[in-house]
Q: 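So that we are looking at the same thing, I have put the structure below in structure tokens.
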Amino acid sequence: AKGAGKRQWRRFHPVLQAGMIERHELQASLDSAVAESSFQVLYQPIVEIASGALEGFEALVRWPHHTRGLVPPEQFITLAEESGQIVPLGAWVLGHAAAEASRWQQTASECLDGHDGLDGGAGPRKQLYVSVNVSARQFRDPGFVDVVRQTLDGHSMEPSSLILELTESVLMRRDERVRTDMMTLSDLGVRLAIDDFGTGYSSLSYLREFPITILKIDKSFIDGLGKSSQQYALVEGITRIAETLGVRVIAEGIESARQRDLLAVMGCPLGQGYLFARPMGADQAESLIRASKDL
Ligand code: C2E
Ligand code: CA
Ligand code: CA
Ligand code: CA
């Protein structure tokens with residue numbers, strides 16, 4: 001029995017160790033990445049489903065790693081949440097997104113100059129917003145509201161052009177401070193969204209309990225849209241209830257024209273997905289705004 005145990009240990013040991021070293025290594029290089037702010041932010045368009053008109057962008061962080069290439073967020077966000085590094089990293093992303101959003105505003109208004117707005121062309125553009133992911137740990141940090149305030153001030157940014165995407169895990173806890181912080185942000189004019197709706201302990205009562213004005217329906221629901229009438233009914237129901245409560249719905253992960261058309265029929269106002277555009281660099285986002293074409 002002893003021998004067998006030893007053999008097993010031998011067998012698993014290298015794997016375990018490799019996992020630990022891997023994790024340790026990633027953690028350490030994440031530390032210096034946070035210190036040196038060596039991240040990138042990509043922006044994915046959010047559009048009006050019926051027209052394809054650009055509404056705003058979601059900011060999505062990337063980590064260009066010298067040996068691993070562009071590390072996707074799933075691989076380091078969790079790690080950064082566990083270590084607390086998500087607090088400075090999240091503040092950095094927020095700052096970047098705010099800087100970018102101010103530039104878009106300027107671009108959009110420049111594009112309007114020299115345009116009489118009467119020829120049915122681009123027309124007066126709505127204010128484009130930027131939507132930023134906020135992890136639970138980051139939101140619960142006592143300095144978070146001040147970080148948002150300073151970011152808005154620092155970029156003279158209209159609060160309503162900032163959306164903060166929160167996951168259900170933030171709302172689940174019934175934490176009184178979470179609620180007051182949400183109230184403070186909402187009073188500032190910042191808009192709050194529930195992200196990945198449908199994946200956690202989803203409850204439409206969150207929409208009554210918290211100052212939430214946007215609901216993002218998770219991709220897993222959109223995937224099933226054309227496949228099952230039940231799935232269609234579910235998405236339609238969520239959309240109806242949300243819109244009745246004055247909450248705007250964004251469908252995530254739209255990949256096919258069929259999904260888009262079904263969403264348009266049920267009256268889902270906003271969407272995001274590879275069908276319209278993939279996440280892109282800031283320069284590309286700016287060109288898209290300049291081109292002022294529907295997606
Ligand atoms: P998320 O917030 O649900 O973001 C949407 C993800 O779906 C993004 O993946 C986006 O690239 C991807 N996506 C968009 N449209 C489509 C589509 O049509 N098909 C498919 N297959 N995928 C689509 P990404 O950029 O890899 O981000 C993954 C997750 O990492 C995000 O999910 C979010 O939870 C987290 N994340 C990304 N950036 C940040 C950040 O700055 N802060 C925090 N806390 N989390 C972030
Ligand atoms: Ca999101
Ligand atoms: Ca999402
Ligand atoms: Ca997600």
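Numbers here are sequence positions counted from 1. Because the structure is predicted, anything quoted here is derived from the model rather than measured. Values reported hereafter were calculated over all heavy atoms of this structure, with side chains retained and with hydrogens, waters and symmetry mates removed. For ligands, and for the atoms within them, numbers begin at 1 and follow the listed sequence.
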Q: Between D195 and ligand 1, which residue portion shows a heavy-atom distance shorter than 4.0 Å: side chain, backbone, both, or neither?
A: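 Contact part for D195 vs ligand 1: side chain (C-beta onward).
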Q: So is R62 close enough to ligand 1, meaning a heavy atom under 4.0 angstrom away?
A: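 Yes, R62 has heavy atoms under 4.0 Å from ligand 1.
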Q: Would you please determine whether K219 falls within less than 4.0 Å of ligand 1 on a heavy-atom basis?
A: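 A heavy atom of K219 does come that close to ligand 1.
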Q: What part of L60 sits under 4.0 Å from ligand 1 if we count only heavy atoms: the side chain, the backbone, both or neither?
A: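 Under 4.0 Å from ligand 1, L60 contributes backbone and side-chain atoms.
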Q: Could you list which atoms of ligand 1 come closer than 4.0 Å to a heavy atom of E58?
A: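 In order of number, 2 (O), 4 (O).
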Q: Answer yes or no for R62 and F39: cation-pi contact, defined as NZ/CZ to six-membered ring centre under 6.0 Å and angle to ring axis within 45°.
A: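 So R62 doesn't make the cation-pi contact.
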Q: Is R149 salt-bridged to D146, cutoff N-O under 4.0 Å?
A: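 Salt bridge present between R149 and D146.
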Q: Does the residue G90 have a heavy-atom contact with ligand 1, meaning some pair of atoms that are separated by less than 4.0 Å?
A: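 For ligand 1, residue contact (heavy atoms, under 4.0 Å) with G90 is absent.
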Q: Return the name of the atom in D195, of element N, O or S, nearest to the Ca ion (ligand 2).
A: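 Sorting the N, O and S atoms of D195 by distance to the Ca ion (ligand 2) puts OD2 first.
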Q: If we ignore angles and hydrogens, is there a donor and acceptor under 3.5 Å between the side chains of S51 and E48?
A: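 Yes.
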Q: Please determine whether salt bridge (charged side-chain N to carboxylate O under 4.0 Å, His left out) holds for the pair E255 and K219, giving the CA-CA distance in whole Å, both sets of side-chain angles, and the decisive distance to 0.1 Å.
A: CA-CA 9 Å; E255 291 180 345; K219 179 179 188 301; 3.6 Å; yes
Q: With a cut-off of 4.0 Å, which atoms of ligand 1 are near a heavy atom of G273?
A: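 Answer, ordered by atom number: 15 (N), 18 (O).
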Q: Find out whether Q259 and L275 are in side-chain contact, i.e. whether some heavy atom of one side chain is under 4.5 Å from a heavy atom of the other.
A: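 A side-chain contact is absent here, since even the closest heavy-atom pair is not under 4.5 Å.
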Q: Examine the proximity of ligand 1 to L275 and report which part, side chain or backbone, both or neither, has a heavy atom under 4.0 Å away.
A: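 It is neither part, as no heavy atom is under 4.0 Å.
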Q: So which N/O/S atom does E165 have closest to the Ca ion (ligand 2)?
A: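 Atom name returned: OE1.
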Q: Which one holds for K216 and ligand 1: side chain close, backbone close, both close, or neither close, with close meaning a heavy atom under 4.0 Å?
A: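 Within the 4.0 Å criterion, K216 makes no contact with ligand 1.
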Q: So if I count the atoms of ligand 1 from 1 in the order they appear, which ones are less than 4.0 Å from some heavy atom of Q44?
A: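 Near Q44, meaning under 4.0 Å from one of its heavy atoms, ligand 1 has 14 (C), 15 (N).
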Q: Which single N/O/S atom of E58 lies at minimum distance from the Ca ion (ligand 2)?
A: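 E58's closest N, O or S atom to the Ca ion (ligand 2) is named OE2.
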Q: Could you list which atoms of ligand 1 come closer than 4.0 Å to a heavy atom of V93?
A: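 Numbered from 1, ligand 1 contributes 41 (O).
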Q: Under 4.0 Å from any heavy atom of S135, which atoms of ligand 1 are there?
A: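 Counting from 1, the qualifying ligand atoms are 44 (N).
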Q: Is R278 touching ligand 1 with its side chain, its backbone, both, or neither, if touching means heavy atoms under 4.0 Å apart?
A: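 Under 4.0 Å from ligand 1, R278 contributes no heavy atoms.
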Q: Is N133 close enough to the Ca ion (ligand 2) to have an N, O or S atom under 3.0 Å?
A: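 A backbone or side-chain N, O or S atom of N133 is under 3.0 Å from the Ca ion (ligand 2).
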Q: Against V190, only a single residue in L164, T184, T213 fulfils side chain to side chain contact (heavy atoms under 4.5 Å, CB included); can you say which?
A: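 Between V190 and the candidates, side chain to side chain contact (heavy atoms under 4.5 Å, CB included) is satisfied uniquely by L164.
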Q: If you compare all heavy atoms of E165 against all heavy atoms of S131, which two are closest, and at what distance to 0.1 Å?
A: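 Closest pair (atom of E165, atom of S131, distance): OE2-OG, 2.7 Å.
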Q: Would you name the heavy atoms of Q138 and F144 that are closest together and state the gap between them?
A: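 What the structure gives for the nearest pair is O-CB, 3.5 Å.
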Q: Where the closest heavy atom to atom 43 (C) of ligand 1 is concerned, which of L94, L89, N133 has it?
A: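 It is N133 whose heavy atom sits nearest to atom 43 (C) of ligand 1.
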Q: Check each of D196, I254, T167 against atom 3 (O) of ligand 1 and report the one with the nearest heavy atom.
A: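 Going through D196, I254, T167 one by one, D196 has the nearest heavy atom to atom 3 (O) of ligand 1.
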Q: Decide if the gap between the ring center of W104 and the ring center of Y129 is smaller than 6.0 angstrom.
A: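 Not under 6.0 Å, so no.
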Q: Nearest 0.5 Å, please: how far is CD in Q272 from CD1 in I49?
A: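 Taking CD1 in I49 and CD in Q272, the distance rounds to 10.5 Å.
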Q: Please indicate whether any nitrogen or oxygen in Y274 is less than 3.5 Å from any nitrogen or oxygen in ligand 1.
A: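 Yes - when backbone and side-chain N and O of Y274 are compared with those of ligand 1, one distance drops under 3.5 Å.
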Q: Quick one: which ligand 1 atoms are inside 4.0 Å of a heavy atom on P279?
A: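 Contacts of ligand 1 toward P279, numbered from 1: 11 (O).
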Q: Would a 4.5 Å heavy-atom cut-off, applied to side chains only, mark L54 and I46 as touching?
A: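 Side chain of L54 against side chain of I46, heavy atoms only: no contact under 4.5 Å found.
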Q: Against K216, only a single residue in V249, L270, D195 fulfils side chain to side chain contact (heavy atoms under 4.5 Å, CB included); can you say which?
A: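 Testing K216 for a side chain to side chain contact (heavy atoms under 4.5 Å, CB included) against V249, L270, D195 leaves exactly one candidate, D195.
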Q: In this structure, does ligand 1 have an atom that sits under 4.0 Å from one of the heavy atoms of Q272?
A: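 No, that is not the case, since the closest heavy atom of the residue is not under 4.0 Å from the ligand.
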Q: Show which atoms of ligand 1 fall inside a sub-4.0 Å distance from at least one heavy-atom site of E252.
A: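 Those of ligand 1 that fall under 4.0 Å from E252 are 3 (O).
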Q: Using a 6.0 Å cut-off, check whether atom CZ of R68 has over 12 heavy atoms from anything other than its own residue.
A: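 Correct, the count exceeds 12.
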Q: For Q127 and S160, work out which heavy atoms get closest and say how close.
A: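 So the minimum-distance heavy-atom pair works out to NE2-OG, 3.8 Å.
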Q: How does P72 reach ligand 1, by side chain, by backbone, by both or by neither, if only non-hydrogen atoms under 4.0 Å count?
A: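 P72 to ligand 1: no contact under 4.0 Å from either part.
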Q: Rounded to the nearest 0.5 Å, what separates atom CZ in R258 from atom NZ in K227?
A: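 Taking CZ in R258 and NZ in K227, the distance rounds to 10.5 Å.
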Q: Please report the shortest heavy-atom distance between M182 and F139, naming the atom on each side.
A: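 Scanning both residues completely, I find the closest heavy atoms to be CG-CZ, 3.6 Å.
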Q: Heavy-atom distances under 4.0 Å decide this one: backbone, side chain, both or neither, for I77 against ligand 1?
A: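 I77 to ligand 1: side-chain contact only, backbone stays beyond 4.0 Å.
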Q: What distance separates E176 CD from D181 CG, expressed to the nearest 0.5 Å?
A: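 Separation between the atoms: 10.5 Å.
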Q: Does E252 put an N, O or S atom under 3.0 Å from the Ca ion (ligand 2)?
A: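 It does not; every qualifying atom lies at 3.0 Å or beyond.
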Q: Going by the order shown, which atoms of ligand 1 are within less than 4.0 Å of some heavy atom of E255?
A: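 This gives 17 (C), 18 (O), 19 (N), 20 (C), 21 (N) as the contact atoms.
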Q: Just checking: D196, one of its N/O/S atoms, less than 3.0 Å away from the Ca ion (ligand 3), yes or no?
A: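 A backbone or side-chain N, O or S atom of D196 is under 3.0 Å from the Ca ion (ligand 3).
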Q: Output yes when the distance from some N or O of ligand 1 to some N or O of V61 is under 3.5 Å, and no in every other case.
A: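 Min N/O separation from ligand 1 is below 3.5 Å for V61.
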Q: Consider ligand 1: state whether an atom of it lies below 4.0 angstrom from any non-hydrogen atom of E81.
A: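 False for this residue.
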